[in-house]
There are 4 protein chains.
Amino acid sequence: MPLNEEQLQQKRDERREQILSAALKVFARRGLIGAKMSMISEEAGISQGLMYRYFSSKDELFITLVERAIQGSIEGTRQIHQMPGSPLEKLTKLTELILDEEGQLYFLLMHQVRTSDEVPEKAKGLLEYASMDLYIDMLKPVFEEGQKNGELAEGDISELISCYFTVISGLMTLNIPKTQGFQLPRVELLMRIFTRSQ
Amino acid sequence: MPLNEEQLQQKRDERREQILSAALKVFARRGLIGAKMSMISEEAGISQGLMYRYFSSKDELFITLVERAIQGSIEGTRQIHQMPGSPLEKLTKLTELILDEEGQLYFLLMHQVRTSDEVPEKAKGLLEYASMDLYIDMLKPVFEEGQKNGELAEGDISELISCYFTVISGLMTLNIPKTQGFQLPRVELLMRIFTRSQ
Amino acid sequence: MPLNEEQLQQKRDERREQILSAALKVFARRGLIGAKMSMISEEAGISQGLMYRYFSSKDELFITLVERAIQGSIEGTRQIHQMPGSPLEKLTKLTELILDEEGQLYFLLMHQVRTSDEVPEKAKGLLEYASMDLYIDMLKPVFEEGQKNGELAEGDISELISCYFTVISGLMTLNIPKTQGFQLPRVELLMRIFTRSQ
Amino acid sequence: MPLNEEQLQQKRDERREQILSAALKVFARRGLIGAKMSMISEEAGISQGLMYRYFSSKDELFITLVERAIQGSIEGTRQIHQMPGSPLEKLTKLTELILDEEGQLYFLLMHQVRTSDEVPEKAKGLLEYASMDLYIDMLKPVFEEGQKNGELAEGDISELISCYFTVISGLMTLNIPKTQGFQLPRVELLMRIFTRSQ
DNA sequence: CATGAATGAGCCTTCATTCAT
DNA sequence: GATGAATGAAGGCTCATTCAT
C-alpha cells in the first residue's frame with residue numbers, strides 16, 4: 001500500500017535536505033573535485049545511487065548549495081533593517097549574527113567558487129549576481145544614519161561597507177572554530193574600524 | 001660539450017624552482033586533487049615524466065610548497081625588527097608588505113591545508129609547527145613598546161596580535177586582486193583596530 | 001467488489017501481453033542491453049516493480065519473446081498449405097504475408113539473437129531449434145509441385161528454399177518501413193528468382 | 001632517447017588501426033551499448049586507458065567506424081565503372097565483391113545506426129548523407145546501358161537499383177558466414193531479378 | 001637525461017533488482 | 001497487489017605513476 005501523496009513528498013523533502021546538508025559538509029572541506037560522491041552518500045547515510053534520484057549530478061548538487069549560500073547571505077544581511085537600536089548597535093548585532101552563525105561552511109563554498117577554476121561555469125555566474133554593490137546598497141541607509149548621528153566614522157560609505165564585508169568574509173572563510181591557533185576576534189575590536197574615534 | 005658538475009647542479013636547481021613555481025600556481029587555484037600533474041608540467045614547460053626526477057610524488061611537491069609557505073611567513077614577520085620608525089609605523093609597514101606581496105598564493109595553499117581534509121597528514125603536521133603562538137612571540141616586543149608609548153590600544157597583547165594575524169590571513173585568503181567586487185581595505189582602516197582612539 | 005478467480009486470471013493475462021508487447025518494441029530498437037527495464041515498464045504503462053511479478057528477469061522477458069518469434073515464424077510458414085492457388089501463387093501470397101506483417105520486430109529480435117554476443121545462451125539455443133532445415137521441409141512439397149508444373153525454376157530445391165528465406169529474412173531485418181531510402185522491393189521482382197524464365 | 005617524429009607517427013597510426021579493428025568487431029556483435037570498452041581494449045591487446053589517447057570517447061570511436069563504413073561502401077560501389085565486361089558482368093562482379101568482402105561487420109554497424117535508438121545523433125546524420133539516391137546515381141549509367149543492350153530487365157531504373165541495394169544490404173546484414181543454417185545465395189540466383197527473361 | 005606512451009586504480013553515473021509501505 | 005524508493009554492482013573515463021625508447 002503506497003504512501004499518500006503528501007507523506008511521500010514530505011519524505012522526499014527531508015531526504016533532499018539530508019543530502020544537501022551532507023554535501024555541504026563534504027564540499028566545504030574538500031572542494032568540488034576532492035569531494036567524492038561516496039563520501040557524501042556515506043555522510044548522508046544513504047546509498048550512492050539514491051542521490052541521483054534527487055540530484056542529477058555532482059555539479060547540480062554543488063550549484064544548488066551555491067544558490068542557497070548566496071540567497072542566505074543576502075537574506076541575512078537584509079535582516080539588519082529589522083534590528084532594534086542605533087546604527088552601530090545594528091551593525092554590531094549583524095556582525096555577531098554572521099560570525100556566530102553556522103554559515104561558515106557556506107562561506108567556504110563561496111570561497112571555492114571565487115578562487116577555484118574547477119567549479120562549473122554556472123556557479124561562477126551565480127556569484128556574479130551577488131555582487132558587492134548589492135550588499136553596499138543594503139547597508140547604505142544604516143551607514144548614512146550612523147554617520148549622521150556621529151556613531152560611525154566619516155569617509156566614503158561604499159569603501160567602508162566594502163571593507164566591512166571583505167574583512168568579515170575573510171574571517172568566515174578562515175573557518176576558524178575548527179582551526180587551532182586562530183580564534184575569531186571579538187566584534188568590538190572589529191567595530192573600531194567603523195566607529196568614530198573620540 | 002657536456003656541462004660540468006656545477007653547471008649541471010645549477011640547471012637542476014633552476015628546474016626545481018620552475019616546477020615549484022608552476023605547482024604553486026596550480027595548487028593554489030585548484031587544490032591538491034583538482035591540480036593535475038599534467039597541468040603543472042605544462043605550466044612548467046617540461047614533460048610529466050621529468051617531474052618525477054625532481055619530486056617523487058604529487059604529495060611531496062605539495063608538502064615542499066607548504067614548507068616554503070610556512071618558512072616564508074615566519075621570515076616575513078621577523079622582518080619587522082629591522083624596520084625603522086615607531087611601533088605603529090613598523091606594524092603599518094609590515095602589513096603593507098604582507099598585503100602587497102605576491103605571497104597570496106601561499107596563503108591560499110595554507111588555507112587549503114587548514115580547511116581541507118584531502119591534504120596529506122604531513123602537511124597538516126607542518127602547519128601545527130607554525131602555531132599562532134610563534135607569531136605572537138615575534139610581535140610581542142613591538143606591541144609592548146607601542147602600548148607603552150601610547151600609539152597602540154590598550155588590551156591583552158596576545159588577543160591583539162591574534163586578531164591582527166587572523167584579520168590579515170582572512171584578507172589574504174580571499175585572494176582579492178583576482179576577485180571582482182572585493183577590494184583590499186586600505187591599511188589605515190585596518191590599523192584603527194589597534195590604535196588608541198584619541 | 002473483489003474480482004473473482006477467473007477475472008483475476010484474465011487481467012493477469014492481459015497485463016502479461018501488455019508487457020510483452022512493450023518489451024518487443026523496446027528490445028527490437030535497442031537490443032537486449034540497450035533496452036532499459038524502465039523504458040519497458042513505461043511503454044507498458046505500469047511500474048517497474050510490477051513487471052517482476054510477471055517476469056523474473058530481463059533475460060526471461062527476452063527469452064519469452066524469442067520463443068514467440070520462433071513459434072510465430074513456423075506457424076506463419078505452415079500456413080502456405082492452407083492457401084489456395086498454384087504453387088507460385090501460394091509462394092507469392094506467403095511472401096506478401098511475411099513482408100506485410102507486423103512481424104518485423106520479431107525479425108529484428110531474432111537478428112539480435114543470431115548476431116549478438118550479449119544474448120543469453122538459452123535464446124541462442126532456441127534459435128538452433130528453428131533450423132533452416134525445418135523451413136525447407138515445410139516448403140519442399142510446394143516447390144516440388146511448382147517445379148513439376150513448370151512454374152518454378154529448376155534447380156536444387158533445398159538451395160532455392162534456403163535462398164528464399166535468406167533473402168526474405170534479410171529484407172525483414174532491414175526493418176524497412178521506418179527507414180528512409182530503403183523500400184521493400186515489390187514481391188514480383190523477388191519472385192523472379194524462383195520462376196522459370198520463358 | 002625518444003623516437004624520431006616519423007617513427008612515432010607511424011606507431012600511432014598502427015595503434016589507431018589496431019583499436020579501430022578491435023572496436024569494429026565488438027561493436028558489430030554487441031551494439032554500441034553492449035560493447036564494453038574493456039572488451040575492445042582486450043581485443044586490441046592494450047589497456048583501457050590507452051584507448052583514450054586515440055579516441056576521446058566510445059561515441060567518437062563508434063562514429064569514426066561509421067564514417068569508414070559509409071566511405072567504404074561508396075568507394076566500393078564506384079569501382080563498378082572500372083570493371084571490364086558488359087553491364088551484367090559488371091553488376092555480377094560488383095555483387096560478388098560486396099558479398100565476398102570482409103565488409104560484413106560494417107554492414108552490421110550501419111544496420112545498428114539505422115535501426116537503433118541508442119546511437120549518437122551524429123552517426124544518424126552521417127547515414128543520411130549516404131542516401132539511396134547517391135547509390136542510384138552511381139549505378140544508373142550501368143543499368144541504362146544494360147537495358148539498352150537487352151541484358152537487363154525493363155522497368156523503372158530507380159526501382160531496380162533500389163531493389164538491388166536493399167536485397168544486398170539485407171543479405172549482408174544477416175552476417176551469414178558465422179550463422180548456421182543461412183548461407184549466401186549464389187549470385188546467379190540473385191541476378192535473375194534484374195535480367196531479362198528469355 | 002627527457003619524452004610521452006602505457007597502465008590500472010578509482011570515481012561518477014546508470015540501471016537491474018529488491019524491498020518497505 | 002502495486003508503487004516507487006533504495007541498493008549496489010558494473011561501466012566509461014581520468015589521471016598519478018611507471019617504463020620503453
Side-chain angles (χ1 to χ4, degrees), chain A residues 1-5 7-8 11-12 15 32-41 45-61, chain B residues 2-3 8 11-12 15 32-42 46-61, chain C residues 2-3 8 11-12 15 32-41 45-61, chain D residues 1-5 7-8 11-12 15 32-41 45-61:
Chain A
M1 187 174 18
L3 294 174
N4 71 40
E5 193 58 32
Q7 290 170 311
L8 223 67
K11 212 175 162 196
R12 278 187 64 85
R15 270 268 199 264
L32 178 58
I33 296 192
K36 311 301 174 201
M37 290 302 264
S38 59
M39 296 171 183
I40 298 175
S41 67
I46 61 174
S47 70
Q48 282 196 57
L50 188 53
M51 291 200 299
Y52 286 85
R53 288 180 67 86
Y54 293 86
F55 298 94
S56 67
S57 70
K58 192 174 162 180
D59 271 13
E60 194 199 315
L61 193 45
Chain B
L3 299 172
L8 222 66
K11 202 174 168 202
R12 275 189 66 84
R15 189 108 69 177
L32 177 58
I33 295 193
K36 313 302 173 201
M37 291 300 265
S38 59
M39 296 172 182
I40 298 174
S41 67
E42 193 182 7
I46 62 172
S47 72
Q48 282 197 58
L50 190 50
M51 287 207 301
Y52 284 84
R53 289 198 151 276
Y54 293 84
F55 298 93
S56 67
S57 73
K58 193 171 157 179
D59 274 11
E60 193 199 316
L61 194 44
Chain C
L3 299 173
L8 223 68
K11 203 174 165 201
R12 275 189 65 84
R15 188 108 69 176
L32 177 58
I33 295 193
K36 312 302 173 200
M37 291 301 265
S38 59
M39 296 172 181
I40 297 174
S41 67
I46 62 172
S47 72
Q48 281 198 58
L50 190 50
M51 287 207 301
Y52 284 84
R53 289 198 151 276
Y54 293 84
F55 298 92
S56 68
S57 73
K58 193 170 156 178
D59 273 12
E60 193 199 316
L61 194 44
Chain D
M1 185 173 19
L3 294 174
N4 72 40
E5 193 59 31
Q7 290 170 310
L8 223 66
K11 211 175 163 198
R12 279 187 63 86
R15 270 269 199 264
L32 178 58
I33 296 191
K36 311 301 175 200
M37 290 302 264
S38 59
M39 295 171 183
I40 298 175
S41 67
I46 61 173
S47 71
Q48 282 196 58
L50 187 52
M51 290 201 298
Y52 287 85
R53 287 181 68 87
Y54 292 85
F55 299 92
S56 66
S57 71
K58 192 173 161 180
D59 272 13
E60 194 199 314
L61 193 44

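Each chain gets a letter, A, B and so on, in the order the sequences are listed, and its residues count up from 1.
Of the residues near DNA chain E, C:Tyr52 and B:Arg53, the one whose nearest nucleotide (by heavy atom distance) lies more toward the 5' end is B:Arg53. Between A:Met39 and B:Gly49, the one whose closest nucleotide on DNA chain E sits nearer the 5' end is B:Gly49. Toward the 5' end of DNA chain F, the nearer of the two residues D:Ala35 and B:Ala35, judged by each one's closest nucleotide, is D:Ala35.
Enclosure of atom CD in B:Glu60 by more than 12 non-hydrogen atoms of other residues, nucleotides or ligands within 6.0 angstrom is indicated.
Nucleotide E:dC12 holds its C1' atom 16 Å from the CZ atom of A:Phe55, rounded to whole Å. One interatomic measurement links the two molecules: CG of D:Asp59 to P of F:dG11, which rounds to 17 Å at whole-angstrom precision. Remark: P of F:dG11 and CE of D:Met51 are 13 Å apart, rounded to the nearest angstrom. B:Glu60 has its CD atom 14 Å from the C1' atom of F:dT17, to the nearest Å. At whole-Å resolution of the value, CD1 in A:Ile40 and C1' in E:dC12 are 11 Å apart. Rounded to an integer number of Å, the gap from CD1 of C:Ile33 to P of E:dT14 is 17 Å. Per the geometry, CG belonging to D:Leu8 stands 12 Å off P belonging to F:dT21, to the nearest Å. Going from atom NZ of B:Lys58 over to atom P of F:dA16 covers 4 Å, rounded to whole Å.
Within the 4.0 angstrom heavy-atom criterion, only backbone atoms of the sugar-phosphate kind lie near D:Tyr54; the bases stay farther away.
Between F:dG4 and A:Arg12, no contact under 4.0 Å exists linking OP1 or OP2 to a side-chain N or O.
Base pairing analysis places E:dT13 opposite F:dA10; the two distances defining the Watson-Crick or G-U wobble pair are each below 3.5 Å. Nucleotide E:dA20 is matched to F:dT3 when pairs are restricted to Watson-Crick or G-U wobble geometry with both distances under 3.5 angstrom.
Comparing F:dC13, F:dG11, F:dA16 by their nearest atom to the side chain of D:Lys36 picks out F:dG11. Of the candidates E:dT13, F:dC13, F:dA2, the closest approach to any side-chain atom of A:Gln48 belongs to E:dT13. You'll find that the side chain of B:Leu50 is closest to E:dT3, out of E:dA6, E:dT3, F:dT17. With distances taken from any side-chain atom of A:Ser47 to the nucleotides E:dC12, F:dT17, F:dG8, the minimum falls on F:dG8. Considering only side-chain atoms of C:Arg15, the nucleotide from F:dC13, F:dA2, E:dA16 that sits closest is F:dA2.
Going from atom CG of C:Leu32 over to atom CD1 of D:Ile33 covers 11.0 Å, rounded to the nearest 0.5 Å.
Of all heavy-atom pairs spanning D:Lys58 and D:Ala35, the tightest one is NZ-O, 2.7 Å. Residues B:Ser57 and B:Met37 approach most closely at C-CE, 4.5 Å, considering heavy atoms. Smallest separation of non-hydrogen atoms from A:Ser38 and A:Gln48: CB-NE2, 3.5 Å.
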